[in-house]
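Take a look at the structure below.
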Amino acid sequence: MSLVVLDHATKRFMTSSGGLHTAVSEVSLTVEAGEFVAVVGPTGCGKSTTLSLISGLEPPSEGTATVAGKPVTGIPDGVGYMFQTDAMLPWRTVLGNVAAGPMWRGVAKDKARDQAREWIERVGLKGFENYYMHQLSGGMRKRVALAQTLVNNPSILLMDEPFSALDVQTRALMQNELLNLWSDTNAAVVFVTHDLEEAITLADRVVVMTASPARIKDVFTINLPRPRNVEEIRMTPEFIAIYSEVWQSLSSEVEIARTTGANRVA
Amino acid sequence: MSLDLDQTTTETQTATVSKAGLSAKQRMRRHKALVYTLRVVLLVAVLAIWEISCTYLFDDFYYSKPSKVWNQLVVWFTQGTSSGSIWVNISATLQEAVYGFILGSIFGVVSGIILGRSRLLSEVLAPYIQALNAIPRVVLAALFVLWFGLGMTSKVVTALVLVFFPVFFNAFQGAREVDRNLVNNARILGASRWDVLRSIVVPSATSWILASLHTAFGFALIGAIVGEYTGATHGLGLLINTSQNSFNAAGVFAGMVICTVLALTAELFLGALERRLLKWRPPAQSTGATAV
Ligand SMILES: Nc1ncnc2c1ncn2[C@@H]1O[C@H](COP(=O)(O)OP(=O)(O)O)[C@@H](O)[C@H]1O
Ligand SMILES: [Mg+2]
């Protein structure tokens with residue numbers, strides 16, 4: 001049985017006008033342990049909603065979500081989730097934020113802090129343990145979020161456009177580090193992005209979603225060798241070939257999203 | 001390696017700030033000096049106008065004047081008051097205000113956070129809370145003196161009732177406005193409902209609560225003084241009442257001056273507490289605000 005299974009999962013939301021808005025429609029997706037799956041689609045199509053179905057934060061309206069063989073009712077064991085926007089506690093230091101997860105899971109304070117220190121070092125923030133969030137740059141905050149998530153040793157790592165707010169250089173660095181950190185684990189990753197280049201660079205499979213409501217349009221297997229260097233891999237002919245193939249599929253959805261978006265504004 | 005990149009950006013930022021900040025700092029200091037000078041000038045001017053106009057124009061029997069108020073203060077502090085040493089009276093008022101403040105704040109915070117987190121409870125109780133809030137609560141002081149007598153209890157309860165509402169409403173609002181993102185993140189990381197309440201709801205309501213405590217201490221003093229004014233054996237409110245009954249306007253003003261000093265002192269303590277508890281917050285951009 002696959003680690004993560006979405007089976008014809010549909011999610012509808014009440015709109016403010018009282019109607020129903022379908023965010024995700026009939027999505028079926030499986031992710032194996034140790035697999036890195038990227039989900040791409042136009043902004044607003046329903047990618048974040050798909051992740052919230054796996055995380056148990058939102059129940060599906062129809063269909064099922066299953067994690068490690070059990071239907072998702074609450075938050076499943078072993079799930080880590082890096083949110084699209086920063087979600088660290090501003091009144092806690094870096095150390096306090098990273099140690100929070102283990103402490104909430106019942107690890108003794110000293111031990112939790114030791115684990116936190118180890119992860120802070122691994123994400124390259126040694127020396128910043130006592131900084132508050134507002135004293136850190138955007139890239140450093142993402143590192144804190146990464147350490148905060150990974151310190152719990154998740155077997156399923158959900159990431160929602162984690163690097164989209166970063167500048168190009170910092171993003172490439174973070175991507176490389178993510179691949180390094182992930183390669184030491186057997187975690188399944190579901191990585192949402194609207195950046196196709198990022199998706200292909202990182203993933204074993206790229207799932208293309210349609211414009212709203214999100215359905216799965218195509219799934220591409222990325223057979224680029226690992227370990228990958230994110231900056232170098234983009235220059236290879238294999239990368240460029242697969243990129244144009246996936247872009248064929250994605251571009252029409254982006255176009256649809258753009259025109260409906262433009263209509264809504266007009 | 002990647003870290004170096006982040007670090008250099010923060011370093012260059014601080015470097016530019018301190019370089020450009022030198023002359024700005026001087027300007028700031030000069031500006032501050034000007035503000036303080038003008039404040040003193042304003043105070044002296046108001047007191048002088050009062051003193052002069054009440055010496056030559058108006059009847060200082062009714063309006064008193066600064067020199068008389070000062071003399072009254074000197075008498076109180078050197079010879080005592082009609083109801084004993086001034087310190088006994090100050091300490092009575094202060095104790096009543098502080099107890100009322102602490103109890104009212106605790107009740108306000110606890111019930112504000114409980115109602116802020118429970119939608120059903122807050123919807124059920126909303127009209128009653130609005131109604132209670134609409135009562136002119138100062139009047140309750142009279143009732144409390146009837147119920148609890150002339151001693152301290154009636155004043156503490158009056159202060160408590162006055163303190164409760166502003167603290168309650170702020171705690172309620174603070175508990176409601178908790179960032180859902182923070183809560184979701186914590187739940188994923190393994191926080192129980194209790195953990196969420198303790199580690200997220202309470203701290204994020206703290207800045208709201210602290211903001212209300214400033215006005216709340218003022219209310220506590222008002223409660224204590226109104227209670228004493230209504231009926232007491234000691235306290236600044238009693239001194240004011242006694243002064244009023246003997247047509248001693250200077251005594252009323254002198255009582256007010258002491259209350260003001262108490263309120264300002266409490267304000268200093270609360271400010272220090274606030275800075276300590278909220279040290280995680282980014283510093284306010286005071287330079288930008290005052291320089292323009
Ligand atoms: N909690 C919610 N309540 C109502 N509508 C929502 C909610 N979450 C998402 N939506 C709607 O669902 C759609 C998809 O949102 P989202 O999954 O965030 O898209 P994406 O992550 O692909 O940008 C959007 O139209 C959004 O307005
Ligand atoms: Mg999203």
- Query: For chain B, which residues from residues 52-60 of chain A lie under 4.5 Å away (heavy-atom distances)?
  - Reply: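 Near chain B, by residue number: A/Ser55, A/Leu57.
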
Taking [atom1] in [X] as the centre, count heavy atoms belonging to other residues, nucleotides or ligands within less than 6.0 Å. Is the count above 12?
{"X": "A/Asn229", "atom1": "CG", "value": "yes"}
{"X": "B/Tyr99", "atom1": "OH", "value": "no"}
{"X": "B/Arg30", "atom1": "CZ", "value": "no"}
{"X": "A/Tyr131", "atom1": "OH", "value": "no"}
{"X": "A/Asp184", "atom1": "CG", "value": "yes"}

Where on [X] is there a heavy atom nearer than 4.5 Å to chain B: the side chain, the backbone, both, or neither?
{"X": "A/Asp86", "value": "backbone"}
{"X": "A/Gln84", "value": "neither"}
{"X": "A/Phe83", "value": "side chain"}
{"X": "A/Met88", "value": "backbone"}

- Message: Nearest 0.5 Å, please: how far is CZ in B/Arg281 from OH in A/Tyr132?
- Response: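 Between atom OH of A/Tyr132 and atom CZ of B/Arg281 there are 13.0 Å.
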
- Query: How long is the gap from CH2 on B/Trp280 to CE on A/Met133, to the nearest 0.5 Å?
  - Reply: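 One gets 11.5 Å once the value is rounded to the nearest 0.5 Å.
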
- Between A/Ala87, A/Gly74, A/Gly101, which has the largest tally of heavy atom pairs under 4.5 Å with chain B?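 Highest number of pairs under 4.5 Å: A/Ala87.
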
With a strict 4.5 Å heavy-atom criterion, list every residue of [range] that contacts chain A, or say none.
{"range": "residues 100-122 of chain B", "value": "none"}
{"range": "residues 194-216 of chain B", "value": "B/Asp195, B/Ser199, B/Ile200, B/Pro203, B/Ser204"}
{"range": "residues 181-192 of chain B", "value": "B/Asn181, B/Leu182, B/Asn184, B/Asn185, B/Ala186, B/Arg187, B/Ile188, B/Leu189, B/Gly190, B/Ala191"}

